[in-house]
Amino acid sequence: MSIDVAYLAAVLAAYDDPVRRAAVLRAAQEQAVKPRPVGIREAARVLGCHPKTVQRYAMQGRLRQIHISPRRVRYDMNEVEKLATHGVE
């Protein structure tokens, strides 16, 4: 989930009522982006690089790996697209 914590804290501070606070938390969780797992080849295609480069990005912490099993790894397409549009920092 990618929720802006500072924004959420400011919103929650505005609500002193616990019932309203719980409603705001539920709404924020519903709006959170769900992971879209894709394989390494698809991630490499979107990034325009070699699959080994995708593995390097994961080892450097630029992409999060989703482990399906000990040998099967997927990558979140939301993070791949973000890396493709914003580039490597």
Side-chain angles (χ1 to χ4, degrees):
M1 284 189 262
S2 58
I3 299 173
D4 185 10
V5 178
Y7 174 75
L8 186 58
V11 169
L12 291 177
Y15 294 104
D16 292 331
D17 182 22
V19 174
R20 291 183 75 186
R21 182 176 292 190
V24 169
L25 276 174
R26 276 193 300 278
Q29 289 174 344
E30 289 173 3
Q31 292 178 354
V33 178
K34 295 183 180 177
R36 300 176 352 210
V38 295
I40 192 167
R41 289 183 183 152
E42 179 67 16
R45 186 189 64 76
V46 171
L47 291 170
C49 66
H50 193 273
K52 193 71 174 172
T53 305
V54 175
Q55 289 177 336
R56 287 187 191 115
Y57 287 161
M59 295 301 254
Q60 295 169 353
R62 295 178 182 167
L63 283 177
R64 182 174 52 94
Q65 294 180 331
I66 303 169
H67 292 273
I68 305 298
S69 69
R71 292 184 56 137
R72 298 183 88 177
V73 176
R74 298 291 181 259
Y75 300 90
D76 186 2
M77 181 57 98
N78 300 321
E79 291 182 16
V80 171
E81 290 173 345
K82 185 177 177 182
L83 184 62
T85 56
H86 298 316
V88 179
E89 296 177 358

Would you say Val73 ends up clustered with Leu47 if hydrophobic residues are merged whenever their side chains have heavy atoms under 4.5 Å apart, either directly or through other cluster members? yes
Nearest heavy atoms of Val54 and Cys49, plus distance in Å: CG2-SG, 3.8 Å
Do Arg41 and Arg45 make a side-chain contact, defined as non-hydrogen atoms from C-beta onward lying under 4.5 Å apart? no
Where is the tightest heavy-atom contact between Arg74 and Pro37, given as atom of each residue plus distance? CB-CB, 3.8 Å
Got Tyr75 and Arg64 here, is their nearest side-chain heavy-atom distance under 4.5 Å? no
Before giving the answer on salt bridge (Lys or Arg N to Asp or Glu O under 4.0 Å), spell out for Lys82 and Glu79 the whole-Å C-alpha distance, their side-chain angles and the decisive distance to 0.1 Å. CA-CA 5 Å; Lys82 185 177 177 182; Glu79 291 182 16; over 6 Å; no
First locate atom CZ of Arg62, then atom CZ of Arg56, and finally report the distance between them rounded to the nearest 0.5 Å. 11.5 Å
Atom CD of Glu81 and atom NE2 of His86: how far apart are they, to the nearest 0.5 Å? 11.0 Å
Distance, nearest 0.5 Å, that separates NE2 of His50 from CD1 of Ile40: 9.0 Å
Among the clusters formed by ILVMFWY side chains lying less than 4.5 Å apart, do Val80 and Ile66 turn up in the same one? no
